[in-house]
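Whatever order the structure lists them in is the order used to number ligands and atoms, beginning at 1. Every value quoted in this text rests on a predicted model; they were computed, and no experiment measured them.
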Amino acid sequence: MQTVDQLGALRSTLETWRLAGQRIAFVPTMGNLHAGHHSLIRLARERADRVVASVFVNPTQFGPNEDYGRYPRTPEADAEGLRASGCDLLWLPSVETMYPYGAERTVQVRVPQVTETLEGAHRPGHFEGVATVVARLFNQVRPDIAVFGRKDYQQLAVIRYLVRDLAFPIEIVGADTRREADGLALSSRNQYLSETERMQAAGIHACLQWMREASQAGLAREAVEAGAIERLSAAGFVVDYAAIRRPDLGLPEAGEGEAGEGEAAQGGAAQGGAGKAGAGGSGARVALIAARLGRTRLIDNLEFEV
Ligand code: PAF
């Protein structure tokens, strides 16, 4: 595996591969890689001739009171894990390479609507930071495909809208969430949890399963959401949201009870479509939770049919 930290070196290697007709897959990350990331690399490996991963802890997607400073940085272990999973090239840009004129003077990419709810409502500016850095990374790497985890469900939807609206010729692939034996989704932030919090944390997946079962049993969306908040709070979580949405993550008021239009009827933005959304009637749904245990904020989701 080659490691490069200069744009010129990145471009010349990628150009050699392109001239040889090789298909390039890209996995952007913020490092501190775990088994979930390694499975993204392996999926990329199956879909392309060459795999590029980036490790960049992007300052612009963290709020002023968030964990940018203490976000775990483990460069040696990351490089070793990437090599073992089949990555060909590690792109390791500095903050100066990514934002040469300063982050505040960089063109911002804003994806409307889908970013205004859920994570977007609780983390102002987060998705502008994500969309901006991902657009920049896409232009640097110019991959044929890019792989993102479905654990960051709303992020995946945002990336799909970004690619659609800015006409990036990139196929976006969503990869299934990897979990611990008790259901906790793998995340770099799990290591912030104390021993007791780690045991409590499995309650998020259990609650998502309850939301699925309650929805399938016919409980109204509002009742499921309220029930989930009650359960999580009783289990010691401070809840940001517990929500049921159609997979395109449209606001429920936009199409409550309607089947949706166009691609949304077959699956929403996080699955590859776009369109109107509500959470009434039958069809595909996603339950999403964001909740805190102490200083650790966890997110997870579960897709299901009603
Ligand atoms: O999911 C992440 O790790 C980050 O949000 C991403 C996509 C690498 C952008 O910084």
Next on the checklist: I'd like to know if Glu225 pairs up with Arg245 as an ion pair, taking the criterion as any Lys NZ or Arg NE/NH1/NH2 lying under 4.0 Å from an Asp or Glu carboxylate oxygen.
Outcome noted: yes
Next on the checklist: Any salt bridge linking Arg297 with Glu119? Criterion: basic side-chain nitrogen under 4.0 Å from a carboxylate oxygen.
Outcome noted: yes
Kindly list each side-chain donor-acceptor pair under 3.5 angstrom involving residues 100-111, sequence neighbours excluded, with atom names and distances?
{"unit_1": "Thr106", "atom_1": "OG1", "unit_2": "Gly102", "atom_2": "O", "d": "3.0"}
{"unit_1": "Gln108", "atom_1": "NE2", "unit_2": "Thr106", "atom_2": "O", "d": "3.3"}

Checklist entry - Can you name the residues that form a side chain to side chain donor-acceptor pair (under 3.5 Å) with Arg47, not counting sequence neighbours? => result none
Item to check | Member of Leu10, Thr3, Leu82, Val51 meeting the side-chain contact (heavy atoms from CB on, under 4.5 Å) criterion with Leu89 | outcome: Leu10
Item to check | ring-ring contact (aromatic ring centres under 6.0 Å, His included) involving Phe56 - partner list, sequence neighbours excluded | outcome: none
What are the distances between nitrogen or oxygen atoms of ligand 1 and protein nitrogen or oxygen atoms, counting only those under 3.5 Å?
{"unit_1": "ligand 1", "atom_1": "1 (O)", "unit_2": "Gln155", "atom_2": "NE2", "d": "2.8"}
{"unit_1": "ligand 1", "atom_1": "5 (O)", "unit_2": "Gln61", "atom_2": "NE2", "d": "2.9"}
{"unit_1": "ligand 1", "atom_1": "5 (O)", "unit_2": "Gln155", "atom_2": "OE1", "d": "2.7"}
{"unit_1": "ligand 1", "atom_1": "10 (O)", "unit_2": "Gln61", "atom_2": "OE1", "d": "2.6"}

